[in-house]
Amino acid sequence: MARILITSAIPYINGIKHLGNLVGSQLPADLYARYNRMRGNEVMFICATDEHGTPAELAAAKAGKPVAEYCAEMHEVQSGIARGFRLSFDHFGRSSSARNHALTQHMARKLGENGLIAEVVEKQVFSVADNRFLPDRYIEGTCPNCGYEKARGDQCENCTKQLDPTDLINPRSAVSGSTELEVRETKHLYLRQRTLKDKLGAWIDSKAGWPVLTTSIAKKWLNDGEGLQDRGITRDLAWGVPAQFEGAPWRGMEGKVFYVWFDAPIEYIAGTAEWADANGLDDAAWERWWRTDKGADDVTYVQFMGKDNVPFHTLSFPATIIGSGEPWKLVDYIKSFNYLNYDGGQFSTSQGRGVFMDQALSILPADYWRWWLLSHAPENSDSEFTWENFQASVNKDLADVLGNFVSRITKFCRSKFGEVVPEGGIAGERADALVAELETRVRAYEGHMEAMDVRKAATELRAIWVAGNEYLQAAAPWSVFKEDPAQAAAMVRLGLNLIRLYAVLSEPFIPDAAETMLAALGTKDRTWPGPIAEALAVLPAGHAFQTPDVLFRKIADEEREDWQARFAGVRS
RNA sequence: GGGCCUGUAGCUCAAUGGUCAGAGCAGGGCGCUCAUAACGCCUUGGUUGGGGGUUCGAGUCCCUCCGGGCCUACCA
């Protein structure tokens, strides 16, 4: 039994995520976690909310709440939505947890002791009215290049020129609009990533099987221009992990916190510790996932994320791990995703464009979304959500191919034999051909799931569903029944067992439907199929079942048009 | 500006340099009647973005041009 550690990039606390965020990290991670559990592997699946940073402080202020309270509330909201999508985290933690505070400070101290932290005094823009230092993007002004009046301090959105905040004409705070800005000196801690460049490069080079998207981004950052740069890991904020603490090998950092991209990945580890705490377990329980000196040497660690997160996971976080000098588990495989676009443009959290997770669940159950998103996952390039495509895929794949298959078998059986697996007869040669086909397809499906080829796995799963309809059509038990009821019984018995097999195979994609199918069949047998002939003999003659309701309803044209109109604008 | 990804049927996507470039959906025809007006079978549809090159052989490798997208270190 393999041990698989899975983490999804942790969603930022500020607001509800859209479907593009979901399909880029949490959902495929869940697919992989569910698959491995079904295969009998020991899985630890960790996610969390990323709670620190300027946007959280500002959002809390806007909501008129203390930031801790705001984050606690938003964590509950995101947690509820995650449950709604059936994201099967073993723990959904918080980067603001006591565990993460302690571990982040521990890592920083180790890095300091190993000479990998530099103290740097730099100049930053301070807003007197806001009483805070402003990140570059929170400074607005007129672009010196093109004259655009709402250019940001990091880049002009209009002419795309890279800017420095001091380049802006008539700079003002994007938070308050105040023009009372000063350049002040402030001291920060830098992670000396340059020192680790060769080690990181060798480590990346050893990962030949990683997606091109992952390694190309990593190598660009490693080698472009002057190569990997040292990185500031602290900020002048109140909300976060304090950078000055007992045992810290530096002084004068009071009132400063670690930057989110230092503490957020550490939350993967801290989140596992939170899991142990929540389950009344000791430290050994989580350390066996993360410490190679305490049992984690046989763990396979896989991370899921959108492409924007790749630099932090290929370089910054590994720099922290390696630089600590302690035997923490490094990631074995990074599965990264491109972006999902929405109807001709980008999903946008800041502009409220697209479909957000809570809205999606208010329209249709999780399985509909899970199936579409996963079967269209942006693995090789950006992909696009359109309502027409969504409607067509859901109706055809889920309602017609799978749902109707379940329906036709169970209803035919009920009318001819009653709600019980019928006995007698031999299914015949067509059944043998079906078994042979499924043998090939199921093994291919396993291969795709293990390789995390999400689209290919979905395509194969659909073909497995289709095979059932093909068999049924060719075998035609409704005709056979007239002359040879016993053979028809054998065919139906096979069909009912196919439903169970489909439930098991489909569980990672559509867990609720899988549950409904198994419940209707009156079985709890979720055994992953070995030889297909055996898997299709699990439900014995005489086993009672109940004909289920419609498994997936179809999306009507009017509904689609209604949703299309409703989500055409921006979220209010 | 630099880097990376991408362009294949009306749509969404496949194809270790090697049969005639394949699937699903949509379209057309036929069959079936168990089923959610479903299912199955057959079928139409391509100058693989343009141009050049390497090769016995190029969707695949190289060059170039055109289009789309992302990243570019203080959004997270």
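Here is the naming used below: chain letters follow the sequence lines, and residue numbers restart at 1 for every chain.
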### Which nucleotide in B:U6, B:C74, B:C70 has an atom nearest any side-chain atom of A:S381
B:U6
### Message
Donor-acceptor check, side chain of A:K17 to backbone of A:P11, threshold 3.5 angstrom: yes or no?
### Response
no
### Message
What's the gap between B:C41 and B:C32 when it is taken at their P atoms, as a whole Å value?
### Response
15 Å
### Query
Between A:H376 (NE2) and B:A14 (C1'), how many Å, whole number?
14 Å
### Task
To the nearest Å, give me how far apart CG (A:D308) and P (B:C5) are.
18 Å
### Task
Measure the distance from CG on A:N341 to C1' on B:U12 and round it to the nearest whole Å.
14 Å
### Query
Which part of the nucleic acid, if any, lies within reach of A:L213 when heavy atoms closer than 4.0 Å are counted: base, sugar-phosphate only, or nothing?
nothing
### Task
Using the six-membered ring for Trp and the full ring for Phe, Tyr or His, decide whether A:F412 stacks on the six-membered base ring of B:C34 (centres under 5.5 Å, planes under 30°).
no
#### Entry: Toward the 5' end of RNA chain B, by each residue's nearest nucleotide, A:A392 or A:N469
A:A392
### Sugar-phosphate only, base, or nothing, as touched by A:P311 at under 4.0 Å among non-hydrogen atoms
nothing
### Query
Can you tell me how far C1' in B:G52 sits from the matching atom in B:G45, rounded to whole Å?
30 Å
### Task
Identify, between A:Q229 and A:K416, the residue whose nearest nucleotide on RNA chain B lies closer to the 5' end.
A:K416
### Query
Nearest-Å distance, CZ (A:R137) to P (B:U72)?
11 Å
### Proximity to the side chain of A:K554 - top-ranked nucleotide from B:C32, B:A73, B:U36
B:U36
### Message
Starting the side chain at C-beta, find the nucleotide from B:A73, B:C4, B:C39 nearest to A:R231.
### Response
B:A73
### Task
Write down the distance separating the P atoms in B:G10 and B:G1, rounded off to the nearest Å.
33 Å
### Query
With sugar-phosphate meaning primed atoms plus P, OP1 and OP2, does A:K307 contact a base, only sugar-phosphate, or nothing at under 4.0 Å between heavy atoms?
sugar-phosphate
### Message
For A:Q303, is there any backbone N or O sitting under 3.5 Å from a side-chain donor or acceptor partner on A:Y268?
### Response
no
#### Entry: Nearest to side-chain heavy atoms of A:K456, which nucleotide of B:A15, B:C71, B:C74
B:A15
### Query
Out of B:A73, B:C74, B:C75, which nucleotide sits closest to the side chain of A:P135?
B:C74
#### Entry: Pairing partner of B:A58 (Watson-Crick or G-U wobble, both distances under 3.5 Å)
none
### Atom CG of A:D549 with >12 non-hydrogen neighbours under 6.0 angstrom
no
## Note on the structure
Rounded to whole Å, CZ of A:R408 lies from P of B:C32 at a distance of 14 Å
## Note on the structure
Considering only heavy side-chain atoms of A:Q473, the closest of B:G69, B:C39, B:A76 is B:C39
### Summary
Looking only at B:C13, B:C32, B:G24, the nucleotide nearest the A:R462 side chain is B:G24
### Query
Mind checking the C1' distance from B:U33 to B:C39? Whole angstroms is fine.
10 Å
### Query
Which whole number of Å gives the distance between the C1' atom of B:C61 and that of B:C56?
16 Å
### Message
Side chain of A:F552, heavy atoms from C-beta onward: which of B:U36, B:C70, B:A76 has the nearest atom to it?
### Response
B:U36
### Task
Dump the intermediate steps for side chain to side chain contact (heavy atoms under 4.5 Å, CB included) on A:L539 and A:F545, then the final yes or no.
CA-CA 10 Å; A:L539 298 179; A:F545 70 92; over 6 Å; no
## Note on the structure
Testing B:C34, B:C75, B:U36 for proximity to the side chain of A:L472, the answer is B:C34
### Message
So for atom CD, which belongs to A:E119, do other residues, nucleotides or ligands contribute more than 12 heavy atoms lying within a distance under 6.0 Å?
### Response
yes
### Query
Of the nucleotides B:U36, B:C4, B:C25, which one has an atom closest to the side chain of A:S216?
B:C4
### Partner nucleotide of B:C11 by Watson-Crick or wobble geometry (both distances under 3.5 Å)
B:G24
### Query
Whole Å only: how far is the CG atom of A:D367 from the P atom of B:U36?
20 Å
### Assigned partner base of B:G1, Watson-Crick or wobble definition, under 3.5 Å
B:U72
### Task
May I have the distance from A:I10 (atom CD1) to B:C75 (atom C1'), rounded to whole angstrom?
15 Å
### Summary
note: A:K219, atom NZ; B:U72, atom P; distance rounded to Å ~ 20 Å
### Query
Looking at side-chain heavy atoms only, is the closest gap between A:L461 and A:S375 below 4.5 Å?
no
### Query
Which base, if any, makes a Watson-Crick or G-U wobble pair with B:C30, both distances under 3.5 Å?
B:G40
